[in-house]
Amino acid sequence: MNSSSLVSKVIVVGGGIFGVSSAVHLTRLGVQTILVNDGPLASGASGRSLAWLNSSRKRSDEYHRLRMAGIDRYRTLAAKYPDVAWLRFDGGLTWDADDDANEIAAVFRYERDIGYDAQLLSADEIAAVTPGVDKRSVTPQGAVFNPGEGWVDLPSLIDILSQEFLERGGTLVTDAGLAMVMVENGRATGVTLASGITFEADAVLLATGANVPGTAAETGHFIPDGTPIALLVRTKPTQLPLRAVLNTPRVAIRPTPTGALVLDSAWSEEEVIVRPGGIYKVKDSTVARLLEEASKVLDGNPKLELDTYFVGPKPIPGDGEPVFGQLNDIARYYIAFSHSGATLGLIAGELLAGEIASGQLNPLLETFRPGRFG
Ligand SMILES: Cc1cc2nc3c(=O)[nH]c(=O)nc-3n(C[C@H](O)[C@H](O)[C@H](O)COP(=O)(O)OP(=O)(O)OC[C@H]3O[C@@H](n4cnc5c(N)ncnc54)[C@H](O)[C@@H]3O)c2cc1C
């Protein structure tokens, strides 16, 4: 790896949160940056994310540290935009099913021991802490409330960041079809668009969400891929009092900037029918049941009406941990591929931009490099 030289021009491929965040951070560092995307910005996973900002439950120390830095950057952003409807820190409430796998007490102890702000609440205690929850749906083991958690509306954030990117002189190319990274003599040299137009650059960042492993494989790099096809349901505006992000055994819920709710769950994801050619079918019964499950955990059990739903890949590396950094043997070819891209979006963009611009490796990304797969 050529770690000492500086770059002056970078192409970022992918207009999701990782691409846009990296691109704006590159322009903040004074690097001439072109951001290309196949369709409009935020048309991939970032446009249909639950986007709960958290580091809840147990994970590797390194991953926890990175997520906490991610939340820290959102805190800074929230201080800059204190009253916006698209970024809220109203906490998260989690409970498990009433079965042998319920680990809510252990989760609480673990979080408390590592200094992650957590309260173990009985069903009766919840209303005094956070509104809008039907206490009858909370299992006898109780729930963990994490006051430091929040949520972000990623399309709104991407809009704000892309405006700054343009103001700082970045070049935005959207609706350009699939771009291909050019590699010559063991180095990324630029990108070719579907139209045949090429852009040359000193470095390329591939932040194409679920497409990253396939593209990396074309260069002989194996990135294990655990990407499922995910479903996100949005209700019509409800104006319910719910503020926290809810993670419950049958449904996860968060408010939206317009007073609606978005919902997802593991079981509804598994019910999506995946047909050849990237065609996904969502059963009406799945959507109806998810709306019912959400109603059950909300105070007053309101009837929730479907506004729309979104279905598509949720980028997840095979080992569950982020993949950020330069490919092992192709100089200046960087990739960003991770789950929890809402939580990590700002920090990953900042750190990747720093590494690309300076060639200096950041220790926070040390365990997440693509080279770990050999
Ligand atoms: C249902 C759901 C729930 C989630 N919940 C959470 C959560 O609670 N908390 C959390 O932190 N994260 C969550 N995530 C994860 C988070 O949303 C993603 O990790 C993040 O949005 C991924 O961003 P990205 O930039 O990698 O990819 P994307 O947003 O998919 O962006 C990639 C872009 O690249 C484009 N592209 C692909 N190939 C090419 C090409 N060759 N040329 C040009 N453009 C290309 C795509 O069209 C897309 O626009 C969730 C995701 C989903 C789907």
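Counting convention: from 1, in listed order, for ligands and their atoms alike.
For atom 35 (C) of ligand 1, the nearest non-hydrogen atom of the protein is Asn37 OD1, 3.1 Å. The protein heavy-atom contact nearest to atom 3 (C) of ligand 1 is Leu50 N, 3.3 Å. Of the protein's heavy atoms, Gly341 N, 3.6 Å lies nearest to atom 16 (C) of ligand 1.
Any N or O atom pair closer than 3.5 Å counts here, and Ile17 shares at least one such pair with ligand 1. Ligand 1 has an N or O atom lying under 3.5 Å from an N or O atom of Ala179, backbone or side chain. The shortest N/O to N/O separation between Lys314 and ligand 1 does not fall below 3.5 Å. Looking at Ala342 next to ligand 1, an N or O pair under 3.5 Å apart turns up. Inclusion of Thr343 in the set of residues having an N or O under 3.5 Å from an N or O of ligand 1 is warranted. Taking only nitrogen or oxygen atoms, main chain and side chain alike, Asn54 does not reach within less than 3.5 Å of ligand 1. No N or O atom of Arg48 sits closer than 3.5 Å to an N or O atom of ligand 1. The shortest N/O to N/O separation between Phe18 and ligand 1 falls below 3.5 Å. In terms of polar-atom proximity, defined here as any N/O pair under 3.5 Å, Ala230 makes no such contact with ligand 1. Residue Pro315 places no N or O, backbone or side chain, under 3.5 Å from any N or O of ligand 1.
At a threshold of 4.5 Å between side-chain heavy atoms, the hydrophobic network of Ile, Leu, Val, Met, Phe, Trp and Tyr places Tyr110 and Ile71 in one connected group. When hydrophobic clusters are built by joining Ile, Leu, Val, Met, Phe, Trp and Tyr residues whose side-chain heavy atoms come closer than 4.5 Å, directly or via intermediates, Val262 is not grouped with Val152.
At a threshold of 4.5 Å between non-hydrogen side-chain atoms, the residues Thr238 and Pro302 do not count as touching.
Side-chain contact check for Glu321 and Ser60: at least one donor-acceptor pair (N or O, by modelled atom type) lies under 3.5 Å.
When non-hydrogen atoms are compared, ligand 1 lies under 4.0 Å from neither the backbone nor the side chain of Ala210. Contact annotation for Val212 and ligand 1: no heavy atom of the residue comes within less than 4.0 Å of the ligand. Proximity of Met180 to ligand 1, defined as any heavy-atom pair under 4.0 Å, is not found for any part of the residue.
If you look at Phe324 and Phe18, their ring centroids are closer than 6.0 Å.
The pair Lys9-Glu200 does not count as a salt bridge, with every side-chain nitrogen at least 4.0 angstrom from each carboxylate oxygen.
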